[in-house]
Amino acid sequence: MCLLCERYSGGYERWYLNPANYARRLYKIRKGEAEELGAEANPQLAGGMGILGKEFLEAEERGDIETVKRLAQEAEASALGVHFGQVITLDEALKILDIMYPIALMSCACRRSMYGTPDHENFFCIGMGPGMYKWERWPDTYRGGVQYLTPDEAKEVVAKMDKKGLVHTVYTFGTPYLGGLCHCDYPDCAGLRMRLEHGVNIFWKGHCVARVDPELCNGCGQCVVRCQFKALNFSPTRNRAFIDQSQCFGCGLCATECPQDAITLVEKANLPALASAW
Amino acid sequence: MLATITVKDEKCNNPLSCRKCLLVCPMGVLGLGTNVGTRKFKETEPEHFIVRGVRIDKCTGCMECVEICPGNAIQVSF
Ligand code: SF4
Ligand code: SF4
Ligand code: SF4
Ligand code: SF4
Ligand code: SF4
């Protein structure tokens, strides 16, 4: 069980399946007080100029491990309170679309920053919950506006993203309130990139890891392009897919594509060495 | 070695519509941001968008961004 589940699952199987975590307050009008945390969690900034700046890269470069560790821990702690993500599976994403409302497509801040992708080609993020009713107050964060979806339309969109090979990730806006169902890949997503390139953990692994059944796998190789986490490669020796479970984020994208149903997701809770690797 | 990347904003007028350097960089080093914070009820004007070297640890020094920039705005050195 991850820390978030321990704190916020409220008896549900996972913390992000607990409807209470989508029930952020819509209005908070108190003079003289800062906006609630969610408003500070500006995805434009998060995706924008990098989560950790030059100071971090310079410390890494000169081998100053203490500074690297300190800056990483500070970034992780602040993300955990405000804006952080966890990988989920397609099935879980579909379940979420049944428990929260409203649902809206919106422009992806990471890709805007990485490539300057125009908003009309950039609707990769799904915003969820009452925050969506406030988008007009922050037009820059929600550049290009939002497109409201019915739950069924949203499920179609999410299935298409899965087909395309994008990782489903839930993001908080003022933890534990969930506000984003993101669709990410490497190297376009700033959070995923920080994790893979620098080990900075503002983007947690999911609850499962993938396992290849060597009997069922026929070596077709179709799953190999699906992994965004450098966890899956192909073994020519055995003519089988190989998954490094210690590197696997449990997104399930390889499994949804395997024509042999040779890949299954297994709970990390049953694997002592991985049970607390987030 | 870390690259030093400087972008002269006055020579890069509308990165939001140009974005040539962002698309050409083979390592995804450059990033687009704004030089103003987000403001209520207000979208950032195109002239407030800026390009910066963000992931400078990944820059190889290939100079493709420097060569493609129509405004001659980017400098990369080591
Ligand atoms: S987390 Fe993913 S979907 Fe969300 S803004 Fe970043 S890349 Fe886009
Ligand atoms: S897609 Fe399935 S059958 Fe094909 S290599 Fe991957 S695991 Fe094996
Ligand atoms: S091995 Fe499969 S489940 Fe694991 S991260 Fe890669 S694509 Fe996702
Ligand atoms: S010099 Fe090459 S690697 Fe470095 S930022 Fe420019 S295009 Fe990218
Ligand atoms: S190529 Fe030059 S002008 Fe165009 S966005 Fe990049 S820095 Fe600006």
Side-chain angles (χ1 to χ4, degrees), chain A residues 35 39-64 68 107-122 134-145 185-190 192-194 196-200, chain B residues 1-7 9 12-61 64-65 68-71 73-78:
Chain A
E35 282 282 331
E40 301 300 320
N42 174 0
Q44 167 102 349
L45 293 181
M49 297 317 247
I51 293 140
L52 280 161
K54 214 170 158 198
E55 192 191 354
F56 179 81
L57 298 178
E58 283 171 352
E60 256 188 0
E61 177 73 8
R62 61 173 190 271
D64 180 352
V68 168
S107 188
C108 159
C110 295
R111 292 178 181 88
R112 184 192 304 137
S113 171
M114 203 69 77
Y115 306 117
T117 312
D119 294 315
H120 62 273
E121 295 169 19
N122 199 33
K134 297 203 296 188
W135 70 271
E136 283 169 306
R137 291 171 68 191
W138 301 102
D140 213 37
T141 298
Y142 302 96
R143 249 185 126 79
D185 58 357
Y186 178 86
D188 312 315
C189 168
L192 203 158
R193 205 167 167 177
M194 277 315 280
L196 289 191
E197 292 177 356
H198 301 283
V200 179
Chain B
M1 217 195 311
L2 287 185
T4 303
I5 302 177
T6 50
V7 181
D9 296 338
C12 168
N13 298 320
N14 191 347
L16 205 51
S17 65
C18 170
R19 70 193 187 105
K20 287 192 166 65
C21 54
L22 299 168
L23 295 177
V24 83
C25 176
M27 296 294 283
V29 170
L30 302 164
L32 178 76
T34 68
N35 58 12
V36 287
T38 44
R39 292 153 298 175
K40 263 189 192 177
F41 303 110
K42 201 164 168 26
E43 205 171 86
T44 301
E45 301 81 359
E47 62 268 27
H48 287 300
F49 278 82
I50 51 171
V51 170
R52 288 291 180 268
V54 180
R55 290 153 288 267
I56 49 173
D57 57 313
K58 293 285 167 197
C59 174
T60 62
E64 289 189 42
C65 58
I68 208 166
C69 175
I74 310 176
Q75 278 185 328
V76 179
S77 58
F78 283 86

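Every chain is numbered from 1, with letters handed out A, B, ... down the list of sequences.
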At a 4.5 Å cut-off on heavy atoms, which part of E136(A) comes close to chain B: side chain, backbone, both, or neither? backbone
Which bit of E197(A) comes within less than 4.5 Å of chain B, counting heavy atoms only: side chain, backbone, both or neither?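 For E197(A), the contact with chain B is made by the side chain alone.
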Non-hydrogen atoms of [X] and [Y] that approach each other most closely:
X       : Y       : result
L22(B)  : Y115(A) : CD1-C, 3.7 Å
H198(A) : D57(B)  : CE1-OD2, 3.0 Å
P118(A) : R19(B)  : CD-NH2, 3.6 Å

Taking CD in Q75(B) as the centre, count heavy atoms belonging to other residues, nucleotides or ligands within less than 6.0 Å. Is the count above 12?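 Open: at most 12 neighbouring heavy atoms sit under 6.0 Å from CD of Q75(B).
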Take a 6.0 Å sphere around CD of E121(A) and say whether it holds more than 12 heavy atoms from other residues, nucleotides or ligands.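 Yes, CD of E121(A) has more than 12 neighbouring heavy atoms, counting only those of other groups under 6.0 Å.
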Given heavy-atom pairs under 4.5 angstrom as the criterion, report whether the side chain, backbone, both or neither of L16(B) touches chain A.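 Both parts, backbone and side chain.
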So, do R55(B) and M114(A) sit near enough that their side-chain heavy atoms are less than 4.5 Å apart?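 Yes; the side chains approach each other to less than 4.5 Å.
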Measure the shortest side-chain to side-chain distance between T44(B) and R143(A) over non-hydrogen atoms and say whether it is less than 4.5 angstrom.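 Of all side-chain heavy-atom pairs linking R143(A) with T44(B), at least one is under 4.5 Å.
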Separation between NZ (K40(B)) and OG1 (T141(A)), nearest 0.5 Å, reads 12.0 Å
